[in-house]
Chemist: 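Structure incoming, see below.
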Amino acid sequence: MSKLGTTSASSPVSNRHLKPRDPREHLGRYALYLAGCLVFASGATLFIHSELGVDPLDVLSLGILEHVDLTIGIVQALIAAVCIAIWSAWNRRRPVVMPFVTFLLCGSLIDLMLLADLDWLDSVPSLVAAVLLCAYGSALIIMSGTGIRAMDLIVITLNQRWNVPFWGAKVGVEAVLLTLGWLLGGPVGIGTLAFLIFVDGLIQPFMAFNSAKLRLTNHGLTRPGGVGGPVLEGSR
């Protein structure tokens, strides 16, 4: 077994992992990642502004807060930790910390953006823009292979190990979060359903568009069964 580790008990690390990387590749991936965080945070801000519902993760977080005395940030960090632990055990790889950086970075950007005056934007247009921005931002983050959100690591593993379509795995995972949150008393609105159906459904088409039209490399999602799995920064 390679000292660098493998993505599974039987799959060797791709040869590309054994070669020194071009520094420009790192810069390109981090630029893609930062752009994705900025776009996603913009969409999340508009979701909040629309006041038409929260995303499935927030439904679960707020549902848990109905029963425990914590903060939403702590609850979401704990949920992320559980997802990372599952991903790490499933893929036999070291836990990653970059999803927590994404969590903190996007949260800080949302806080800053909420200081802007958005009263000129009505709820429905805000929701439509939020859907598109969150979906495209998620696509950029995943394609960067850096700081992929904890839940999306589970989604990618389902896609690669069980050949579940990315959009199907994404909807399935977040539907579980939504159902658990609703059972615990979390709020569900039309915006929540819009996130589940449209944001989760648009991420894969946006990734395909970026690959075909913008010639961007998808470092986070390889073909099912691809050798070496996703090329995640900090996961080896």
Side-chain angles (χ1 to χ4, degrees), residues 26-65 70-81 83-84 96-153 170 174 177 181 186-187 189-192 194-196 198-200 202-203 206-207 210 214 216 219-220 232-234:
H26 284 286
L27 291 176
R29 291 176 65 174
Y30 284 124
L32 203 62
Y33 167 71
L34 292 174
C37 288
L38 180 60
V39 174
F40 181 85
S42 300
T45 301
L46 292 179
F47 255 109
I48 295 171
H49 173 70
S50 73
E51 297 183 342
L52 293 175
V54 297
D55 67 82
L57 175 60
D58 286 338
V59 173
L60 177 57
S61 301
L62 293 172
I64 292 174
L65 289 177
L70 296 172
T71 66
I72 190 168
I74 292 175
V75 170
Q76 290 191 353
L78 290 174
I79 294 172
C83 291
I84 291 171
V96 287
V97 298
M98 279 300 291
F100 291 103
V101 174
T102 302
F103 173 78
L104 294 172
L105 177 57
C106 288
S108 299
L109 289 171
I110 292 169
D111 287 337
L112 288 174
M113 293 177 185
L114 285 173
L115 297 176
D117 182 10
L118 298 174
D119 291 341
W120 56 273
L121 188 58
D122 292 336
S123 294
V124 174
S126 179
L127 179 61
V128 172
V131 164
L132 296 174
L133 289 171
C134 281
Y136 195 72
S138 294
L140 292 177
I141 293 172
I142 292 171
M143 293 185 74
S144 75
T146 301
I148 296 176
R149 299 174 72 205
M151 289 180 299
D152 290 339
L153 292 176
K170 179 71 171 172
E174 296 211 331
L177 300 183
I190 187 174
T192 307
F195 192 102
L196 183 67
F198 296 109
V199 172
D200 292 351
L202 285 172
I203 294 174
F206 277 145
M207 288 193 290
N210 287 339
L214 303 183
L216 298 177
H219 295 282
L232 302 180
E233 291 285 353

Chemist: Any side-chain heavy-atom pair from L132 and L202 closer than 4.5 angstrom?
Modeler: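 Contact flag for L132/L202 side chains = yes.
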
Chemist: Specify the closest pair of heavy atoms between I72 and S61, including all atoms of both residues, with the distance to one decimal.
Modeler: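 Looks like CG1-CB, 3.9 Å.
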
Chemist: Taking salt bridge (charged side-chain N to carboxylate O under 4.0 Å, His left out) as the definition, give me every residue that meets it alongside D152, ordered by chain and number, with sequence neighbours left out.
Modeler: K170

Chemist: Do Q76 and D58 have side chains that approach each other closer than 4.5 Å (heavy atoms only, starting at C-beta)?
Modeler: yes

Chemist: Which heavy atom of P125 sits nearest a heavy atom of D122, and at what distance?
Modeler: CD-O, 3.4 Å

Chemist: Please find the pair of heavy atoms, one from I141 and one from G147, that lie closest to each other, and give the distance.
Modeler: CG2-O, 3.7 Å

Chemist: Can you tell me which residue pairs pass the ring-ring contact (aromatic ring centres under 6.0 Å, His included) test with a partner in residues 112-142, sequence neighbours excluded?
Modeler: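 Those involving residues 112-142 are Y136-F206.
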
Chemist: State, with a plain yes or no, whether a side-chain heavy atom of C83 is found less than 4.5 Å away from one of L153.
Modeler: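 With C-beta onward as the side chain, the pair stays apart.
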
Chemist: Does V128 form a side chain to side chain contact (heavy atoms under 4.5 Å, CB included) with V131? I'd like the steps, not just the answer.
Modeler: CA-CA 5 Å; V128 172; V131 164; 5.9 Å; no

Chemist: For L70, I'd like to know if atom CG has over 12 heavy atoms of other residues, nucleotides or ligands within 6.0 Å.
Modeler: yes

Chemist: Hey, are the side chains of L60 and I64 touching, using non-hydrogen atoms and a 4.5 Å cut-off?
Modeler: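 They are in side-chain contact.
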
Chemist: Could you go step by step and tell me if I84 and F100 meet the side chain to side chain contact (heavy atoms under 4.5 Å, CB included) rule?
Modeler: CA-CA 10 Å; I84 291 171; F100 291 103; 3.4 Å; yes

Chemist: What residues form a side chain to side chain contact (heavy atoms under 4.5 Å, CB included) with T45, not counting sequence neighbours?
Modeler: I110, M113, L114, L118

Chemist: Under 3.5 Å, side chain of S144 to main-chain N/O of L32, donor-acceptor pair present?
Modeler: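 No; zero donor-acceptor contacts below 3.5 Å.
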
Chemist: In this structure, are over 12 heavy atoms from other groups packed under 6.0 Å from F198 atom CZ?
Modeler: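 At most 12 heavy atoms, drawn from other residues, nucleotides or ligands, come within 6.0 Å of this atom.
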
Chemist: Would F47 and L127 satisfy side chain to side chain contact (heavy atoms under 4.5 Å, CB included), going step by step from the backbone distance to the final call?
Modeler: CA-CA 6 Å; F47 255 109; L127 179 61; 3.3 Å; yes

Chemist: Looking at V39 and G137, what are the two nearest heavy atoms and their distance?
Modeler: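 Nearest pair, atom of V39 first, then G137: CG1-N, 3.6 Å.
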
Chemist: Sub-3.5 Å donor-acceptor pair from the side chain of D55 to the main-chain atoms of L57, do we have one?
Modeler: yes

Chemist: Rounded to the nearest 0.5 Å, what separates atom CG in D117 from atom NE2 in H49?
Modeler: 8.5 Å

Chemist: For a 4.5 angstrom cut-off between non-hydrogen side-chain atoms, does Y33 reach V101?
Modeler: yes

Chemist: Is it true that a side-chain atom of S50 and a backbone atom of S123 form a donor plus acceptor pair closer than 3.5 Å?
Modeler: no

Chemist: For a quick test of reading the model, state the closest non-hydrogen atom pair linking A135 to V199 and the distance between them.
Modeler: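 Answer, listing the atom of A135 first, then V199: CB-O, 3.7 Å.
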
